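Okay, so here's the structure we're looking at.
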2 protein chains.
Amino acid sequence: MIPPETQLDLTFAALADPTRRAIVARLLEGDAPVSDLAKPFAMSLAAVSKHIAHLQRAGLLTQKRTGRVRICRLELDALRPASVWMAALGHIDEVDLDQLEARLGDLGLLEPE
Amino acid sequence: MIPPETQLDLTFAALADPTRRAIVARLLEGDAPVSDLAKPFAMSLAAVSKHIAHLQRAGLLTQKRTGRVRICRLELDALRPASVWMAALGHIDEVDLDQLEARLGDLGLLEPE
DNA sequence: GCTAAATTCAACCAAACGGTTGACGATTCA
DNA sequence: TGAATCGTCAACCGTTTGGTTGAATTTAGC
């Protein structure tokens, strides 16, 4: 099992490249074979294949082969840890303080005021 | 002016490293000088300084020098384009399905159940 | 004015990245 | 069977990254 820290590393790194973000965006419109994904880009198929591998390592993309074609599917769930991390930055005050307080309360560590 | 595509590159790349994410998290608790930020890490000050420079390039961190000390401040606003990009991924499905359904309905292509 | 402290700068290193080309394996189809 | 197609693999190349160490710079304090 991948340590969660590494999961975030892989996810953010996967999104840090414009080619990969374009592939992700394209997959929102539906599953697609590798060659279709590669078409818009002025680079070799092998290069796109590597980008896809990168997305796969991050769990953002899965492939299912049917014949000689590999259909790529976007796995939006894999995006959630990164999304949560970012969202937490904006709200950490409220969320974390509440949870901390609740936990401290459960443990009887909260001093009455 | 930085092209917006590059802005996303820099932001996601900045977040793709655990040291930098830890620095960001630490700065949520308040501004801090470089050496304070460096303390938790088992690496040289120069290394942390480079990480900070990386965050600065992405616009996520600004410095204000007071004397020989540099106070670092988190710039959460710089996170917004990346956050928006990710949020868009999560909702495009619903949106598109709704629009598709509406369009099909308009065309009389929707089968009654 | 001298010394110590807080950072950055510069040079270096190994590893990863993003791309290329060419060979290879699998599959379809005539 | 043989030729074409889809995609990956392998080797290579130049650049970037994340770290090191040591010197340079700027400010503080005695």
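Below, chain A is the first sequence line, B the second, and so on; all start at residue 1. Nothing here was measured: the structure is a model prediction, and the numbers come from that model.
The interatomic distance linking A/Leu55 (CG) with C/dC17 (C1') rounds to 14 Å, in whole Å. If you take CG of B/Asp17 and P of C/dC17, they are 12 Å apart, rounded to a whole angstrom.
Looking at residues two or more places apart in sequence or on another chain, you find a side chain to side chain contact (heavy atoms under 4.5 Å, CB included) between B/Leu45 and B/Val34, B/Ala38. Partners of B/Ala58 by side chain to side chain contact (heavy atoms under 4.5 Å, CB included), not counting sequence neighbours, listed by chain and number: B/Leu10, B/Ala14, B/Leu60.
Here the straight-line distance linking atom CZ of B/Arg21 with atom CG of A/Leu89 works out to 10.5 Å at 0.5 Å rounding. Here B/Thr11 contributes atom OG1 and B/Leu55 contributes atom CG; the two are 10.0 Å apart, rounded to the nearest 0.5 Å.
The side chain of B/His54 contributes no N or O atom lying less than 4.0 Å from OP1 or OP2 of D/dT16. The shortest distance between the side-chain N/O atoms of B/His51 and the OP1/OP2 oxygens of D/dG18 is not below 4.0 Å.
By the 4.5 Å side-chain criterion applied to Ile, Leu, Val, Met, Phe, Trp and Tyr, A/Val69 is assigned to a cluster that also includes A/Ile71.
Summary of the strand contacts: B/Pro33 and A/Ala13 both lie near DNA chain C, and taking for each the nucleotide with the nearest heavy atom, the more 5' one is attributed to B/Pro33.
Listed by first and then second residue, the side-chain hydrogen bond (donor to acceptor under 3.5 Å, both in side chains) pairs involving residues 37-50 of chain A are A/Asp36-A/Lys39 (not counting sequence neighbours). Applying the salt bridge (charged side-chain N to carboxylate O under 4.0 Å, His left out) test to every pair with at least one member in residues 58-86 of chain A, sequence neighbours left out, gives these pairs: A/Asp31-A/Arg73, A/Asp77-A/Arg80.
At a threshold of 4.5 Å between non-hydrogen side-chain atoms, the residues A/Ile52 and A/Gln63 count as touching.
Of the residues in residues 63-73 of chain A, those with a non-hydrogen atom less than 4.0 angstrom from any atom of DNA chain C are A/Arg65, A/Gly67, A/Arg68. Contacts between residues 37-50 of chain B and DNA chain D, counted as heavy-atom distances below 4.0 Å, involve B/Met43, B/Ser44, B/Ala46, B/Ala47, B/Lys50.
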